[in-house]
Amino acid sequence: MQPSQNRASRTFMDYNSINHALDGICGLYERKIRDINPMAPITYDISDLYNFIDGLADISALVYDHSIQAFLPYDRQWIKQKLLQHLKKLAQR
């Protein structure tokens with residue numbers, strides 16, 4: 001993830017699963033909300049989360065594929081699709 005155009009802002013995060021990574025992205029957005037207004041309740045919808053992702057200079061995912069024993073790169077659109085699927089599953093619980 002690279003929040004700004006400054007390449008020094010590039011950050012790498014490591015997660016044990018795609019779902020953990022998606023939770024991590026939601027957590028980043030929730031921290032941003034909390035930083036802006038610490039006293040407000042944290043509520044948002046998928047369009048807010050998409051706007052956060054689109055506002056990042058760069059975001060991508062490298063996902064390990066056991067069948068080829070290599071990491072496959074995925075872009076911002078893939079991340080947004082996975083987030084929507086993930087949040088729908090969480091909402092059904």
Side-chain angles (χ1 to χ4, degrees):
M1 164 179 114
Q2 184 175 325
S4 72
Q5 293 300 324
N6 182 350
R7 290 187 61 84
S9 72
R10 185 164 284 194
T11 303
F12 298 90
M13 293 161 269
D14 188 20
Y15 296 96
N16 291 330
S17 71
I18 293 172
N19 286 340
H20 285 124
L22 297 171
D23 289 337
I25 293 169
C26 291
L28 290 171
Y29 180 57
E30 290 168 8
R31 278 191 289 282
K32 181 178 179 181
I33 293 171
R34 197 172 298 118
D35 288 346
I36 291 169
N37 190 350
M39 302 309 288
I42 296 177
T43 59
Y44 57 92
D45 62 26
I46 194 68
S47 65
D48 297 324
L49 189 55
Y50 282 0
N51 287 334
F52 167 71
I53 291 169
D54 289 336
L56 299 172
D58 189 27
I59 187 168
S60 59
L62 292 173
V63 179
Y64 189 75
D65 184 326
H66 291 281
S67 66
I68 61 171
Q69 296 185 352
F71 286 91
L72 297 175
Y74 293 98
D75 64 5
R76 182 184 317 261
Q77 286 306 117
W78 181 88
I79 292 169
K80 288 164 58 174
Q81 288 175 327
K82 289 293 184 182
L83 273 167
L84 180 60
Q85 294 168 0
H86 180 64
L87 294 174
K88 279 183 178 180
K89 284 180 187 174
L90 291 177
Q92 291 174 350
R93 290 184 184 174

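Position 1 is the first residue of the sequence; numbering continues from there.
- Residues L84 and F52 are members of one and the same hydrophobic cluster, defined by side-chain heavy-atom contacts under 4.5 angstrom among Ile, Leu, Val, Met, Phe, Trp and Tyr.
- Here NZ of K32 is found 13.5 Å from CD1 of I42. Values are rounded to the nearest 0.5 Å.
- Counted by atom type alone, D45 and S47 present one or more donor-acceptor pairs between their side chains at under 3.5 Å.
- Atom NE2 of H86 sits about 9.5 Å away from atom CD1 of I25, to the nearest 0.5 Å.
- For L87, the side chain to side chain contact (heavy atoms under 4.5 Å, CB included) partners at least two apart in sequence or on another chain are C26, I46, L49, L90.
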Please tabulate, one pair per line, all N/O donor-acceptor pairs under 3.5 Å involving side-chain atoms of residues 54-70, not counting sequence neighbours.
residue: D54; atom: OD1; partner: K80; partner atom: NZ; Å: 3.0
residue: D54; atom: OD2; partner: K80; partner atom: NZ; Å: 3.1
residue: D58; atom: OD2; partner: R10; partner atom: NH2; Å: 3.4
residue: D65; atom: OD1; partner: S67; partner atom: N; Å: 2.8
residue: D65; atom: OD1; partner: S67; partner atom: OG; Å: 2.5

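- Taking 4.5 Å as the limit, some side-chain heavy atom of L83 sits within range of a side-chain heavy atom of I53.
- Within the 4.5 Å cutoff, the side chain of Q2 has no heavy atoms near those of the T11 side chain.
- Put simply, the side chain of M13 reaches to within 4.5 Å of the side chain of L28, judged on heavy atoms.
- In terms of heavy-atom proximity, S9 sits nearest to P3 at O-CD, 3.1 Å.
- The shortest distance between side-chain heavy atoms of F12 and M1 does not fall below 4.5 Å.
- At a threshold of 4.5 Å between non-hydrogen side-chain atoms, the residues Y15 and D23 do not count as touching.
- Here the side chains of N19 and K89 are not in contact, with every heavy-atom distance at 4.5 Å or above.
- Side-chain contact between I79 and K82: absent, with no pair of heavy atoms (C-beta onward) separated by less than 4.5 Å.
- Taking every heavy atom of both residues into account, A8 and N6 meet most closely at N-OD1, 2.8 Å.
- Residues satisfying the ring-ring contact (aromatic ring centres under 6.0 Å, His included) criterion with Y74, sequence neighbours excluded, are W78.
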